[in-house]
There are 2 protein chains.
Amino acid sequence: MDGLDPGNVFLADCPARLAVEVIADKWAVVVLWGLNDGPRRHTELITLIGGISKKVLTQTLRRLQTNGLVTRENFGGVPPRVEYELTPLGRTLMGPIRMLTLWAEENGEAVLDAQERT
Amino acid sequence: MDGLDPGNVFLADCPARLAVEVIADKWAVVVLWGLNDGPRRHTELITLIGGISKKVLTQTLRRLQTNGLVTRENFGGVPPRVEYELTPLGRTLMGPIRMLTLWAEENGEAVLDAQERT
DNA sequence: CGGTATCCTATAGGATACTG
DNA sequence: CAGTATCCTATAGGATACCG
């Protein structure tokens with residue numbers, strides 16, 4: 001740390017809290033993870049990510065754009081060609097997200113079991 | 001890995017996807033993080049976590065319980081005493097969540113800037 | 001202290017069809 | 001291909017008050 005006080009996630013109305021909420025939706029983490037290996041087109045993401053619809057994918061990408069994590073580049077032409085890519089800020093999230101998805105793959109069954117026990 | 005195929009977060013209807021969705025709400029990460037240092041009472045969490053209401057905290061804790069991440073112990077007596085604590089499964093999430101909250105504290109300002117630029 | 005009860009609204013997000 | 005448009009519903013989650 002170098003003198004900055006970015007606040008912490010326990011404080012309401014501080015940027016850290018805001019940043020946590022960025023990934024607090026059903027699709028953000030999965031979509032970001034889908035961009036980990038490089039730029040992807042809309043259709044590529046649709047194919048990659050099971051269960052997401054075009055509408056919801058677009059919604060999610062727009063939100064990620066607003067939050068500075070993803071860029072959208074329109075190459076024009078017919079048929080259209082649009083690519084989504086992580087920003088440098090978005091790339092800083094890949095470490096945490098890598099851990100999270102790894103956790104999910106290792107512990108998904110345990111979560112499922114817990115839910116079914118209820 | 002030992003032969004298990006837990007699926008991956010890109011597959012719909014697989015436990016990994018389910019596990020990702022466990023933390024996909026406004027409060028789950030912050031509440032879990034609040035339990036990182038040990039068992040906490042309802043009021044302690046209310047005090048710790050800025051902006052959360054009793055109702056929403058209870059809701060969130062119940063959901064985390066259902067997902068096998070948190071236990072609730074009622075010690076009875078007057079006044080009541082209830083403690084929430086991470087399960088072993090919940091503790092396995094602390095690594096990813098530590099990274100996530102750290103990221104949020106380091107990059108919250110950048111996210112805020114991006115939002116304001118929009 | 002640790003909740004419910006009640007009421008309310010915004011919005012996430014699913015389904016489907018259409019378009020430039 | 002990459003989207004909108006439209007419609008729909010469930011529910012997250014905020015505010016406030018009451019309770020054992």
Side-chain angles (χ1 to χ4, degrees), chain A residues 9-13 17-18 20-32 34-35 39-67 69-85 115 118, chain B residues 9-13 17-18 20-32 34-35 39-67 69-85 115 118:
Chain A
V9 295
F10 295 128
L11 301 176
D13 306 324
R17 175 69 67 81
L18 188 74
V20 169
E21 288 171 9
V22 158
I23 60 130
D25 76 73
K26 183 168 179 178
W27 296 104
V29 167
V30 179
V31 170
L32 285 169
L35 294 173
R40 289 284 178 268
R41 301 177 66 172
H42 190 271
T43 306
E44 293 182 294
L45 291 170
I46 288 286
T47 306
L48 176 64
I49 302 170
I52 200 169
S53 71
K54 292 191 288 182
K55 191 195 105 180
V56 171
L57 175 60
T58 302
Q59 266 179 194
T60 305
L61 287 165
R62 294 281 187 276
R63 234 174 287 149
L64 295 173
Q65 250 187 288
T66 300
N67 293 324
L69 302 176
V70 164
T71 56
R72 174 182 187 276
E73 187 167 9
N74 189 345
F75 292 90
V78 175
R81 175 182 182 84
V82 175
E83 283 190 357
Y84 295 93
E85 186 174 9
Q115 286 186 359
T118 308
Chain B
V9 296
F10 296 127
L11 301 175
D13 308 322
R17 174 69 66 80
L18 189 73
V20 169
E21 287 171 8
V22 158
I23 59 131
D25 75 73
K26 183 167 180 177
W27 295 104
V29 167
V30 179
V31 170
L32 286 168
L35 294 171
R40 290 282 178 270
R41 302 177 65 174
H42 190 272
T43 306
E44 293 183 292
L45 290 171
I46 288 286
T47 307
L48 177 64
I49 302 170
I52 200 170
S53 73
K54 291 191 290 184
K55 192 194 104 180
V56 170
L57 175 60
T58 301
Q59 264 178 197
T60 304
L61 286 165
R62 294 280 187 277
R63 234 175 288 150
L64 295 173
Q65 250 187 288
T66 300
N67 293 324
L69 302 177
V70 164
T71 56
R72 173 182 187 275
E73 188 167 7
N74 189 345
F75 293 91
V78 175
R81 175 182 182 82
V82 176
E83 283 189 357
Y84 295 93
E85 186 174 10
Q115 286 187 358
T118 308

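These numbers were taken from a predicted model, which means no experiment stands behind them. Here is how names work: the chains are called A, B, and so on, in the same order as the sequence lines, proteins then strands, and each is numbered from 1.
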Taking Arg17(A) for the side chain and Phe10(A) for the main chain, is one N or O donor matched with an acceptor at less than 3.5 Å? yes
To the side chain of Thr43(A), which of dC1(D), dG13(D), dG13(C) is closest? dC1(D)
Which whole-number value in Å describes the distance from Arg17(A) CZ to dG13(D) P? 12 Å
Would you mind reporting whether Val56(B) and Lys26(B) have side-chain heavy atoms less than 4.5 Å apart? no
Closest non-hydrogen atom pair, Leu35(B) against Arg40(B): CD2-CB, 3.8 Å
Above 12 or not: heavy atoms from other molecules or residues under 6.0 Å from CG of Asn74(B)? yes
Measure the NZ-CG distance between Lys55(A) and Leu57(A) for me, rounded to the nearest 0.5 Å. 12.5 Å
Round to the nearest Å and state the distance from Ile52(B) atom CD1 to dG13(D) atom C1'. 10 Å
Taking all heavy atoms of His42(A) and all of Lys54(A), pick out the closest pair and write down the distance. NE2-O, 3.7 Å
From CD of Glu83(A) across to P of dG3(D) the rounded distance in Å is 12 Å
Here's a test of your reading of the structure: between Pro80(A) and Gly51(A), which maps to the more 5' nucleotide of DNA chain C? Gly51(A)
Would you say Arg63(A) reaches dG13(C)'s phosphate, i.e. side-chain N/O to OP1/OP2 under 4.0 Å? yes
Between dA2(D) and Arg41(A), is there an OP1 or OP2 to side-chain N/O distance shorter than 4.0 Å? yes
Assign each of Ala24(A) and Arg72(A) the nucleotide of DNA chain D bearing its closest heavy atom; nearer the 5' end lies the nucleotide of Arg72(A)
Can you find an N or O donor on one side and an acceptor on the other, under 3.5 Å apart, linking the side chain of Lys26(A) with the base of dG13(C)? no
Between its two end axes (five pairs each) the helix from dC1(C)-dG20(D) to dG20(C)-dC1(D) turns, nearest 10 degrees, through 50°
Rounded to the nearest angstrom, tell me the gap between atom CD1 in Ile46(A) and atom C1' in dT4(D). 14 Å
Using a heavy-atom cut-off of under 4.0 Å over every strand shown, decide if Phe75(A) touches base, sugar-phosphate, or nothing. nothing
Nearest-Å distance for atom pair CH2/C1', residues Trp27(A) and dT11(C): 17 Å
So, does Arg72(B) use its side chain to make a donor-acceptor pair with the main chain of Tyr84(B) at under 3.5 Å? no
Gln65(B) CD to dG2(C) C1': how many Å, rounded? 14 Å
For Pro39(A) versus Glu44(A), what's the shortest heavy-atom pair and its separation? O-OE1, 4.3 Å
Sequence neighbours excluded, which residues qualify as side chain to side chain donor-acceptor pair (under 3.5 Å) partners of Gln59(A)? none
How long is the line joining OH of Tyr84(A) and P of dC1(D), in whole Å? 14 Å
Ile52(A) side, atom CD1; Thr58(A) side, atom OG1 - distance, nearest 0.5 Å: 8.5 Å
Does anything in residues 55-62 of chain A reach DNA chain C, meaning a heavy atom under 4.0 Å, and if so which residues? Lys55(A), Val56(A), Gln59(A)
Nearest whole angstrom, please: distance from the P of dA12(C) to the CG of Leu64(A). 12 Å
For Asn74(A), answer base if it contacts any base atom (sugar-phosphate contacts may also be present), sugar-phosphate if it contacts only those atoms, and nothing otherwise; contact means non-hydrogen atoms under 4.0 Å. nothing
